[in-house]
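Please read the structure below before turning to the comments.
Chain A is the first sequence line, chain B the second, and so forth, proteins listed ahead of strands; every chain is numbered from 1.
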2 protein chains.
Amino acid sequence: MKQLDHPNVNEIRLEAVLAALADPVRLSIVAALSDQSEHSAGAFDCDIASSTLSHHLKVLREAGVTSHRKEGTRCFVSLRPELDQVFPGLLTLVLEFAPKDRARECAERLLPGGPNRAK
Amino acid sequence: MKQLDHPNVNEIRLEAVLAALADPVRLSIVAALSDQSEHSAGAFDCDIASSTLSHHLKVLREAGVTSHRKEGTRCFVSLRPELDQVFPGLLTLVLEFAPKDRARECAERLLPGGPNRAK
DNA sequence: TTCTAACTTCGACGAATATCGAAATAGATG
DNA sequence: CATCTATTTCGATATTCGTCGAAGTTAGAA
């Protein structure tokens, strides 16, 4: 069973993590994993080609955000616990803001200027 | 005095903020502003063309990270306080990790595998 | 008004990224 | 073995990004 390469903890870079999280597809993947669960790659319901999904999973893995375990033909993905040792609280904070941001974005689209528009 | 456009608070997007911070030049700019000071655009000592600096400042401004105030021929830049209302603690956390990450990166370059290399 | 300083904008370039479909791979299953 | 399934890799394309130098803008100085 050939496993995929993961960066050493010392190789995890802040900018790579931020860049990995700065994409809607990847953020939704990470959000889906945030309950500490393990998803097989096919189990994420993003409306993208499987090759594109594979690309995004690779970006997350190489940034040190996710851990990938191959089992049979499947690849189980989960959040890397080491990430929270390297950047404690970062992922939690981003994942806390993500749904609120989506709600704000939606509200802004329906009601430009928002409920508390300044000036 | 024509001022530059800033996004409304409701228009500040998490992904845009993360993307803005996921660049070494911009992260160094933000770090320089982290003492709540105001810098004129020319006062950042990045070794890049002034047009490139202007580009990065535009990205930060449009992401809602910085506030730009034109005075005479100069442009004074500071962190937008509203950012911490929209995403409380995010910038602080990233700015706390940034120097540690640089140190880790440097250590990793000198001593591949790091002092606590696993396995 | 002309000159200068401090930016910004524009146009170009190469590098990186997001995307897809097709082909390759690897393991399970018949 | 042949085949099916899940995923990765490859090749192509379109877009975005970081960078520069040149040209444009704006406001103060001479």
* Does A:Ser34 use its side chain to pair, donor to acceptor, with the backbone of A:Ala31 at less than 3.5 Å? -> yes

* Any donor-acceptor pair under 3.5 Å from A:Gln3 side chain to A:Lys70 backbone -> yes

* Electrostatic pair B:Glu82:B:Arg80 at N-O distance under 4.0 angstrom -> yes

* To do: Fit a plane to each ring of A:His6 and A:His68, take the angle between them on a 0 to 90° scale, and name the class: parallel (under 30°), tilted (30 to 60°) or perpendicular (over 60°).
  => perpendicular

Whole Å only: how far is the [atom1] atom of [X] from the [atom2] atom of [N]?
X: A:Leu60; N: D:dT8; atom1: CG; atom2: P; result: 12 Å
X: A:Glu15; N: D:dC17; atom1: CD; atom2: C1'; result: 15 Å
X: B:Lys58; N: D:dT16; atom1: NZ; atom2: P; result: 14 Å
X: A:His68; N: D:dT7; atom1: NE2; atom2: P; result: 11 Å
X: A:Phe76; N: D:dA6; atom1: CZ; atom2: C1'; result: 11 Å
X: A:Arg74; N: C:dG27; atom1: CZ; atom2: C1'; result: 11 Å
X: A:Leu21; N: C:dT17; atom1: CG; atom2: P; result: 15 Å
X: B:Leu4; N: C:dA6; atom1: CG; atom2: C1'; result: 12 Å

* Asked: Looking for any heavy atom pair under 4.0 Å, which part of the strands does A:Arg61 touch: base, sugar-phosphate only, or nothing?
  -> nothing

* To do: Give the nucleotide from the list C:dT9, D:dA6, C:dA18 with an atom nearest to the side chain of A:Asp23.
  => C:dA18

* Structure fact -> What residues 32-57 of chain B contributes to the DNA chain D interface at heavy-atom separation below 4.0 Å is B:Ile48, B:Ala49, B:Ser51, B:Thr52, B:His55, B:His56

Can you name the closest pair of heavy atoms from [X] and [Y] and give their distance?
X: A:Thr92; Y: A:Asp84; answer: OG1-OD1, 4.3 Å
X: B:Ala20; Y: B:Val65; answer: CB-CG2, 4.4 Å
X: A:Leu27; Y: A:Leu21; answer: CD1-O, 3.7 Å

* Just wondering, are more than 12 heavy atoms of other shown residues or ligands nearer than 6.0 Å to CG in B:Asp45? -> no

* To do: Flag the pair B:Leu33 / B:Phe44 as yes when at least one side-chain heavy-atom distance between them is below 4.5 Å, and no otherwise.
  => yes

* Which nucleotides of nucleotides 24-30 of chain D have their base under 4.0 Å from a protein heavy atom (B), which only their sugar-phosphate (S), and which neither (-), written as one string 5' to 3'? -> --BBS--

* According to a strict under-4.0 Å criterion, is B:Arg26 in side-chain N/O contact with OP1 or OP2 of D:dG18? -> yes

